[in-house]
Amino acid sequence: MKELVQRYGSPLYVYDAEVIRRQYRNLIHSIAYPRLRIHYACKANSNIHILRILRRLGAGIEVVSRAEAELAMRAGFSDVLYTCSNVTDEELRFAIQHHFMITIDSLGQLERYGKLNPGGSVSVRINNGIGAGMHQHVITGGPESKFGIYHTQVPEILRVAQQHGVHIVGVHQHIGSGILSPHIFMKAMRALLRTAREFPDLEFVDFGGGFGIPYRPGEKPLPMQQLGRQIARTFERFCREYGRRLRLVFEPGRYLVAESGRFLTTVTEVKKTPFHTFVCVDSGFSQFARPFLYGSYHEIVNLSKRNDKQRVTVAGNICESGDVFARDRMLAARAGDVLEIRNAGAYGYAMSSDFNGRARPAEVLVDHGRVRLIRHRHRMVDNP
Ligand code: LLP
């Protein structure tokens with residue numbers, strides 16, 4: 001790993017392709033339902049080379065913007081779910097023209113869609129009153145959420161759809177992100193299936209993403225095999241009652257890519273104050289934002305073996321006090337050492353920016369020992 005930093009510079013994102021394949025296979029083998037469809041939520045990591053790995057595995061894709069959709073097409077995807085969050089008419093037209101399956105987020109959107117494409121087919125995002133997730137900011141269901149159409153408004157969905165001859169062929173929900181409780185998943189699944197019964201023309205039910213991964217040492221991963229069996233059984237039962245074997249759709253992001261990625265950053269110095277020991281590094285929240293945004297825990301390992309561990313704060317190079325990657329960690333480090341921040345493959349590079357004039361890092365893909373630069377380090381350019 002340290003050689004990669006010598007070759008491609010620091011800081012650096014490094015991904016292991018095989019981990020992505022492992023996670024995808026794990027998911028499809030765990031949920032043994034013949035009409036299962038996995039759409040990768042590419043907001044988690046939209047590097048086109050990562051997208052291609054998932055396309056080759058047989059995944060579809062979920063996108064939330066025109067740029068993501070264009071990238072998906074460039075990566076060769078044809079099975080695209082377009083999740084509408086505050087879309088403009090222009091965006092709707094674009095999604096209609098490309099025959100993406102659109103997930104409608106509000107009654108107003110359904111109406112606009114109906115006017116633009118009378119007689120078309122869509123999926124609708126339902127808020128069934130249940131939300132969950134690893135942080136307040138990533139809970140996307142429940143009474144406080146801005147997403148979806150509340151389940152009590154189903155009669156209005158049916159009325160607006162009928163007015164414009166729009167066919168509701170899918171129902172969708174995404175209750176939140178980073179969920180490690182199978183119980184919550186099943187509860188939310190049952191809730192959506194209750195709502196689904198009110199739509200007579202369904203072809204699929206989409207349960208969104210949200211599968212968590214363990215970030216902290218000792219944290220239990222989702223028991224995917226057991227959960228998968230429960231999911232398949234519950235869905236089979238629903239289909240028997242519904243009278244048709246529908247497609248079962250998920251839109252995972254984190255689960256597929258988080259563990260494949262590490263973020264490498266170099267220690268610039270170790271700074272002692274009367275109160276703290278700061279391990280200062282050549283990156284910050286502009287390049288890896290999860291600890292700053294959500295207080296997320298990421299394991300940090302020094303790639304140079306040292307044995308004088310002490311309690312430290314790992315501090316970034318951005319001019320804000322909140323810019324720390326970790327507090328109260330036992331870590332030994334010296335200037336020049338390379339630190340590895342683990343599980344950085346999802347929502348790492350994807351949420352990076354050039355804030356403070358620190359150009360976004362490069363990305364490298366390791367596949368069976370073969371190393372490939374899959375994105376150049378950004379260059380800061382002046383505005384004209
Ligand atoms: N589908 C929809 C409609 C979504 O909004 C999301 C994520 C997903 C699927 C994928 O969720 P996942 O399987 O990755 O949990 N930046 C945050 C995560 C935000 C997720 C937003 N929506 C983080 O770093 O934890």
Side-chain angles (χ1 to χ4, degrees), residues 20 23-24 26-27 31 37-46 50 54 59-65 68-69 72 80-87 100-106 109 123-128 131-142 145-149 170-181 184-185 188 192 205-216 221-222 224 227 249-261 263 285 287-298 325 341-353:
I20 300 174
Q23 290 297 97
Y24 181 81
N26 200 9
L27 203 58
I31 309 174
R37 200 68 195 120
I38 301 295
H39 285 255
Y40 170 54
C42 73
K43 59 178 82 61
N45 186 323
S46 56
I50 304 274
L54 283 150
I61 196 161
E62 183 257 353
V63 304
V64 293
S65 66
E68 279 192 357
V80 178
L81 294 175
Y82 196 105
T83 307
C84 290
S85 187
N86 304 354
V87 281
F100 300 145
M101 179 46 68
I102 295 178
T103 305
I104 294 282
D105 188 64
S106 69
Q109 254 172 38
S123 172
V124 282
R125 181 169 184 166
I126 308 286
N127 181 344
N128 286 288
M134 61 193 299
H135 186 273
Q136 192 65 32
H137 293 173
V138 300
I139 297 176
T140 48
S145 170
K146 66 172 177 165
F147 294 103
I149 305 176
V171 282
H172 168 282
Q173 95 179 340
H174 172 72
I175 63 167
S177 196
I179 301 165
L180 284 171
S181 151
I184 295 279
F185 260 107
L192 181 59
V205 182
D206 179 350
F207 295 93
F211 299 116
I213 60 116
Y215 283 102
R216 288 175 189 271
L222 266 174
M224 200 40 98
L227 177 61
V249 177
F250 286 96
E251 303 171 348
R254 186 189 317 271
Y255 185 81
L256 297 176
V257 294
E259 289 161 307
S260 79
F263 184 51
F285 76 75
Q287 298 171 340
F288 184 63
R290 301 198 71 257
F292 176 77
L293 287 177
Y294 316 116
S296 302
Y297 182 101
H298 283 261
F325 285 134
I341 302 183
R342 295 200 166 153
N343 299 323
Y347 308 108
Y349 188 94
M351 291 200 296
S352 67
S353 73

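Throughout, numbering of the chain's residues begins at 1 and tracks the sequence. Worth knowing before you read on, the calculation uses all heavy atoms, side chains too, and leaves out hydrogens, waters and symmetry mates. Each ligand, and each atom within it, is numbered from 1 in the order the structure gives.
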Min heavy-atom dist Arg125 to ligand 1 below 4.0 Å: yes

Which residue and heavy atom of the protein sit nearest atom 16 (N) of ligand 1, plus the separation: Tyr294 OH, 2.8 Å

Proximity flag Lys43 to ligand 1, non-hydrogen atoms under 4.0 Å: yes

Aromatic contact, His298 with Phe263 (centres under 6.0 Å): no

Proximal ligand 1 atoms for Ala41, defined as those under 4.0 Å from one of its heavy atoms: 8 (C), 9 (C), 10 (C)

Under 4.0 Å to a heavy atom of Gly209 - the qualifying atoms of ligand 1, by number: 9 (C), 13 (O)

contact_flag Ala346 ligand 1 heavy-atom lt 4.0 Å: no

N/O separation below 3.5 Å, Gly253 to ligand 1: yes

Closest protein heavy atom (residue, atom, distance) for atom 8 (C) of ligand 1: His174 CE1, 3.5 Å

N or O contact, Met134 vs ligand 1, cut-off under 3.5 Å: no

Set of residues satisfying side chain to side chain donor-acceptor pair (under 3.5 Å) with respect to Thr140, sequence neighbours excluded: none

Among Val257, Ile20, Leu54, side chain to side chain contact (heavy atoms under 4.5 Å, CB included) partner for Asn45: Val257

Residue pair Phe185, Phe211: steps toward the ring pair (Phe, Tyr, Trp, His ring centres under 6.0 Å) verdict: CA-CA 9 Å; Phe185 260 107; Phe211 299 116; 4.7 Å; yes

From CD (Gln136) to OH (Tyr294), nearest 0.5 Å: 12.5 Å

Per-atom contacts of ligand 1 with Met351, taking only distances under 4.0 Å to non-hydrogen atoms: 16 (N), 24 (O)

Nearest-contact summary for atom 15 (O) of ligand 1 - protein heavy atom, Å: Ser177 OG, 2.4 Å

Counterpart residues, side chain to side chain donor-acceptor pair (under 3.5 Å), relative to Gln287 (two or more places apart): Ser283

contact_flag Val138 ligand 1 heavy-atom lt 4.0 Å: yes

Distance in Å, Glu251 CD paired with Cys42 SG, rounded so as to fall on 0.5 Å steps: 10.5 Å

Side-chain donor/acceptor of Gln173 to backbone N/O of Ala188, under 3.5 Å: yes

Contact atoms of ligand 1, heavy-atom distance to Glu62 under 4.0 Å: 1 (N), 2 (C), 3 (C)

Residue part near ligand 1, for Arg290, under 4.0 Å between non-hydrogen atoms: side chain

4.0 Å heavy-atom contact, Tyr255 with ligand 1: no

Nearest-0.5 Å distance that lies between atom CG in Asp105 and atom CZ in Phe147: 7.0 Å

Atom 14 (O) of ligand 1 [closest protein heavy-atom partner, distance rounded to 0.1 Å]: Tyr347 OH, 2.6 Å

Side-chain donor-acceptor pair present, Thr83, Glu62, cut-off under 3.5 Å: yes

Arg290 charged N/C atom sitting above Tyr215 aromatic ring, 6.0 Å / 45°: yes

Side chain to side chain, Leu192 and Ile126, heavy atoms closer than 4.5 Å: yes

Heavy-atom gap Ala44 to ligand 1 smaller than 4.0 Å: no

Closest protein heavy atom (residue, atom, distance) for atom 9 (C) of ligand 1: Glu251 O, 3.1 Å

Close-contact set for ligand 1 against Pro252 heavy atoms, below 4.0 Å: 13 (O)

Arg254 and ligand 1 - part of the residue with a heavy-atom distance under 4.0 Å: both

